[in-house]
Amino acid sequence: MTTSQPLLQVNQLTKLYAPGKGCEDISFDLYPGEVLGIVGESGSGKSTLLTSLSARLAPNSGDVLYLNRENNWLNLYELSETDRRYLLRTEWGVVHQHARDGLRMGVSAGANIGERLMAVGERHYGKIRSKGLQWMEDVELDVSRIDDKPSTYSGGMQQRLQIARNLVTHPRVVFMDEPTGGLDVSVQARLLDLLRTLVTEMNLAVIIVTHDLAVARLLAQRLIVMRHGKIVETGLTDQVLDDPQHEYTQLLVSSVLTP
Ligand SMILES: Nc1ncnc2c1ncn2[C@@H]1O[C@H](COP(=O)(O)OP(=O)(O)OP(=O)(O)O)[C@@H](O)[C@H]1O
């Protein structure tokens with residue numbers, strides 16, 4: 001469900017490594033509860049855009065404005081590095097394609113979840129433990145494995161843990177980069193189902209990068225189609241996929257382009 005006030009405003013964001021490589025002149029708004037998909041073939045700049053949006057890669061130019069919990073607009077790249085990191089640990093979440101990039105592999109599953117709670121001020125061990133257990137249940141992980149390290153988990157289980165670690169603080173915006181990429185098809189399907197349920201129940205605003213149009217169709221209400229770093233088409237997911245206007249989107253949808 002959307003309201004008239006966006007959560008995120010992106011204005012002419014540019015991060016180029018070379019002409020056409022990176023992302024260029026990207027503008028859009030993200031509303032509370034909205035899932036926005038970014039699609040395009042490999043090398044079109046999806047990951048560069050996502051990392052710039054999520055305070056992990058300074059752009060060459062342009063702004064990312066975020067309306068925080070206190071109803072103040074923050075200009076992301078005018079904040080101090082410390083404030084940006086704080087935002088990433090609290091009001092924002094990042095789900096990486098490879099769970100090991102988003103987990104601490106050397107500490108237990110429970111600690112991976114608890115750490116984010118501590119970042120928002122929770123100090124009570126019993127509460128941290130019980131929230132950890134509850135979140136493991138919510139993402140359908142075996143709670144008896146709360147003290148095991150994620151390195152002993154399967155890929156699909158690690159991804160579930162990464163999702164729990166991110167969502168435990170009830171973030172307002174979650175950035176996801178190919179969250180089901182690299183998993184078996186059957187594991188992918190269950191994870192997608194779980195993600196869809198959580199996103200709806202928590203009314204999360206999500207920006208998800210995927211080269212998989214089926215994933216985009218399942219999760220995203222709106223799509224941005226990228227090519228050579230630029231937006232070539234944007235609109236409601238069903239409209240873009242069922243009635244693509246741009247020639248490139250038509251090729252992408254007809255699977256002529258291999259992702
Ligand atoms: N650190 C970097 N240094 C130089 N060039 C880079 C760097 N990161 C990305 N690029 C280039 O920028 C372009 C966009 O890459 P990006 O990873 O954003 O694309 P993508 O759409 O996410 O691709 P994929 O789906 O394969 O992950 C590519 O040409 C890539 O080679």
Side-chain angles (χ1 to χ4, degrees), residues 8 10-28 30 35-64 76-77 81 84-85 88 92-103 155 158-159 162-163 166 173-185 187-188 191-192 195 206-220 222-235 237 240-241 244 246-259:
L8 207 65
V10 181
N11 301 316
Q12 297 178 301
L13 196 71
T14 296
K15 170 68 193 176
L16 286 176
Y17 296 103
K21 293 190 186 308
C23 65
E24 192 171 0
D25 198 21
I26 307 289
S27 301
F28 65 88
L30 180 77
V35 181
L36 175 71
I38 301 174
V39 298
E41 68 189 315
S42 181
S44 57
K46 305 181 297 294
S47 298
T48 305
L49 174 59
L50 196 77
T51 36
S52 291
L53 291 174
S54 54
R56 294 171 294 148
L57 180 69
N60 303 125
S61 59
D63 296 314
V64 180
L76 202 56
Y77 290 100
E81 180 66 27
R84 276 198 296 271
R85 279 171 194 247
L88 277 167
W92 287 9
V94 178
V95 176
H96 300 262
Q97 174 176 1
H98 303 292
R100 60 185 59 247
D101 295 334
L103 291 173
Q158 285 179 5
Q159 202 56 304
Q162 192 192 186
I163 290 163
N166 272 281
V173 183
V174 183
F175 301 90
M176 300 185 185
D177 195 352
E178 305 274 9
T180 57
L183 298 172
D184 280 0
V185 174
V187 177
Q188 254 186 41
L191 193 70
L192 269 176
L195 272 178
V206 176
I207 300 184
I208 179 171
V209 159
T210 180
H211 69 269
D212 187 335
L213 298 182
V215 170
R217 187 178 301 264
L218 202 68
L219 289 179
R222 201 152 58 93
L223 289 187
I224 282 178
V225 183
M226 288 184 72
R227 184 194 193 193
H228 299 328
K230 293 192 174 157
I231 296 179
V232 295
E233 185 161 351
T234 178
T237 302
V240 171
L241 297 183
H246 193 282
E247 194 186 352
Y248 174 76
T249 318
Q250 290 165 0
L251 291 173
L252 200 67
V253 169
S254 64
S255 302
V256 174
L257 298 172
T258 42

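Note that ligands are numbered from 1 as they come in the structure, with each ligand's atoms numbered from 1 the same way.
Summary of contacts: the protein heavy atom closest to atom 31 (O) of ligand 1 is K21 CD, 4.8 Å. Protein heavy atom at the shortest distance from atom 15 (O) of ligand 1 is T48 OG1, 3.8 Å. Of the protein's non-hydrogen atoms, K46 NZ, 2.9 Å is the one closest to atom 25 (O) of ligand 1. With hydrogens left out, the protein atom closest to atom 1 (N) of ligand 1 is Y17 CE2, 3.5 Å, a heavy atom.
We find the CG-OG1 distance between L57 and T48 to be 7.0 Å, quoted to the nearest 0.5 Å.
Scanning all heavy atoms of the two residues, the minimum distance from G229 to I26 falls at O-CD1, 3.6 Å.
Checking only distances, S42 does come within under 3.5 Å of ligand 1, N or O to N or O. Ligand 1 has a nitrogen or oxygen under 3.5 angstrom from a nitrogen or oxygen of G43.
The neighbour count for R56 CZ, taken as heavy atoms of other residues, nucleotides or ligands under 6.0 Å away, is above 12. With a 6.0 Å radius and a threshold of 12 heavy atoms from other residues, nucleotides or ligands, E81 has its CD atom above the threshold.
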Take E41 and Y248 through the side-chain hydrogen bond (donor to acceptor under 3.5 Å, both in side chains) test and state the conclusion after the steps. CA-CA 10 Å; E41 68 189 315; Y248 174 76; 3.3 Å; yes
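For the ligand labelled ligand 1, residue E41 lies inside the 4.0 Å heavy-atom shell. Residue contact check for ligand 1: G45 places a non-hydrogen atom closer than 4.0 Å to it.
The presence of a protein heavy atom under 4.0 Å from atom 12 (O) of ligand 1 is confirmed.
A donor-acceptor pair shorter than 3.5 Å can be found between the side chains of Q162 and Q159.
Heavy-atom proximity to S47, at under 4.0 Å, picks out these atoms of ligand 1: 17 (O), 18 (O), 20 (P), 22 (O), 27 (O). Per-residue contacts place G22 under 4.0 angstrom from the following atoms of ligand 1 (heavy atoms of the residue considered): 12 (O), 13 (C), 14 (C).
Heavy atoms of H211 found under 4.0 angstrom from ligand 1: none, in either backbone or side chain.
In terms of modelled atom types and a separation under 3.5 Å, the side chain of N166 and the main chain of V94 share a donor-acceptor contact.
Taking 4.5 Å as the limit, every side-chain heavy atom of V206 sits out of range of all side-chain heavy atoms of L219.
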